[in-house]
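See below for the structure under consideration.
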Number of protein chains: 2
Amino acid sequence: MNSPRLQLVSDTPGLSRYGALAAALRARIVAGEWPPGTAMPSEQQLATDHQVALGTLRRALESLAAQGLIERVHGKGTFVRAGLTGSPLLRFFRFGQGTGEVPVSRILARDRIAAPAAISRRLGLGAGTQVLRLRRLRLLQGQPCLLEEAWLPLPLFDALADSDPREWGDLLYPEYASRCGVHVHRAVDEVSFGTLAATQARQLALPAGHPSAVVSRHAFDLAGRCIEARTSVGDAHAFHYTVTIT
Amino acid sequence: MNSPRLQLVSDTPGLSRYGALAAALRARIVAGEWPPGTAMPSEQQLATDHQVALGTLRRALESLAAQGLIERVHGKGTFVRAGLTGSPLLRFFRFGQGTGEVPVSRILARDRIAAPAAISRRLGLGAGTQVLRLRRLRLLQGQPCLLEEAWLPLPLFDALADSDPREWGDLLYPEYASRCGVHVHRAVDEVSFGTLAATQARQLALPAGHPSAVVSRHAFDLAGRCIEARTSVGDAHAFHYTVTIT
DNA sequence: AAGTGGTCTAGACCACTCT
DNA sequence: GAGTGGTCTAGACCACTTG
């Protein structure tokens, strides 16, 4: 590939050059020029492409790295961050021994349905759009610990709707990536408390009316589109979370 | 004041020069050379003091700013951060209308006592050290919303133990600063859930056994000493918290 | 050895704040 | 206008990774 000689045309006059550069690089990343997990060109290359000094280019990359968009590895290169992969929900709970074990997943139901109004709003879709609804139970050492309901927009997740759930792993995000090419880049969790309805209680093997912790998640891809709305419910007494304020 | 011509002697050979510089500056701040809220010398001055290039000095200051130790203001100077001042507990609750209103504080009890084992451990004190125990109720529009118990080491907080609580404002941290010269620089909150004991319930005007959110806080000063252990209890149904994962 | 990102320097110039 | 931090440059050298 030869040097594109891109122009830095900032429509925001008050913006610094490295700020404009960061925005331009972000746009190239979001556009898919370098897919998640792959390496970007070297600093030298990018600097000459955009016709800025090396230091300025580095400032821009540093800001993108601080935003979690890219990762820099000494001696290897600069990489677009792959999606979230872990089990980030577990940060809110301490079940059993609290070893970092990943809960086993049991799919309870999977349906293509028209999104209820509340869901289409959360996903930013038109009213009545088709979505995939996933209900699953998560267990640690055979004990139910979390009950989840996930809503996924169609046709983006068609591949998930058509595949055999028994082939899935215990984590959903790797399936999103491998089967649908969807990378979860950012997630917002809202925590609140309530009590278990009768059916929820039965599935979690707890008494009805038992206090529950509810985590409502919105997950977004690189471009900022909401690609999952999820609600997870667990025993309030297993809830535990630490925040540092500065 | 003349130029100290400080030497940068890093005992950690693997550490970069700006890293060592940042550590040295942090030490000067923690030692109280520039008290919280006051300005540090200019970049030029610090750079010549420590015999490094301006860019290197700036890197060090940037890392201290990222850690929340200092604040930089364009055209004015670099300032050691004053302590936390707001009402950070409220980030966990949404009472009533949820306007950013600060709850009124009513002191229920104030005692000098020997610290129970659990408390002296939390504060990092020797067993049986004298501490100040503060119990207070916080109210919004006349409605009780939070019940708090704070433990403060003595003799550091003697001034608080001897003053008239009716002169205090609704926030404790400004009192710590003005009366005892203690600045809260960092706080760690641990959230969990439980149910209200009979006395707690009565004070919060809720039924006994009602689900509760419990926030257990450790607060630290610039030097990293724990200067407050606090436990706050509120209605679990008023709890609400948002986290962004990246 | 070649290529990558990380550190450090020295200096010019700009933007903001205060008097 | 003087003093402060913020931006940008150009280049030298170092440290890490890979073939």
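To find a chain, count down the sequence lines: A is the first, B the second, and so on, and within it residues start at 1.
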Subject >> Short side-chain N/O contact from A:R59 to OP1 or OP2 of D:dG6, under 4.0 Å >> reply: no
Subject >> Charged N-O contact under 4.0 Å between A:R122 and A:E228 >> reply: no
**OP:** Please determine, for the side chain of B:R72, which listed nucleotide (C:dT4, D:dT9, D:dG5) has the closest atom?
**Re:** D:dG5
Original post:
Under 4.0 Å between a side-chain N/O of A:Y18 and OP1 or OP2 of D:dC8, yes or no?
Top reply: no
Original post:
Can you tell me if A:W151 and A:T231 form a side-chain donor-acceptor pair at under 3.5 Å?
Top reply: no
Original post:
Do we see B:H74 stacking on the base of D:dG6, given a limit of 5.5 Å between centres and 30° between planes?
Top reply: no
Original post:
Does OP1 or OP2 of D:dG6 have a side-chain N or O of A:S16 closer than 4.0 Å?
Top reply: no
**OP:** On DNA chain D, check which nucleotide each of B:T78 and A:L57 is closest to and give me the residue with the more 5' one.
**Re:** B:T78
Original post:
What's the closest nucleotide to the A:R17 side chain, out of C:dT7, C:dT9, D:dT9?
Top reply: D:dT9
Original post:
With the threshold set at 4.0 Å, does a side-chain nitrogen-carboxylate oxygen contact exist between A:R230 and A:E149?
Top reply: no
Original post:
What's the closest nucleotide to the B:K76 side chain, out of C:dT9, C:dG5, C:dC18?
Top reply: C:dC18
Original post:
OP1 or OP2 of C:dT9 less than 4.0 angstrom from a side-chain nitrogen or oxygen of B:T56, does that happen here?
Top reply: yes
**OP:** May I ask you to check whether B:F93 and B:Y241 place their ring centres under 6.0 Å from each other?
**Re:** no
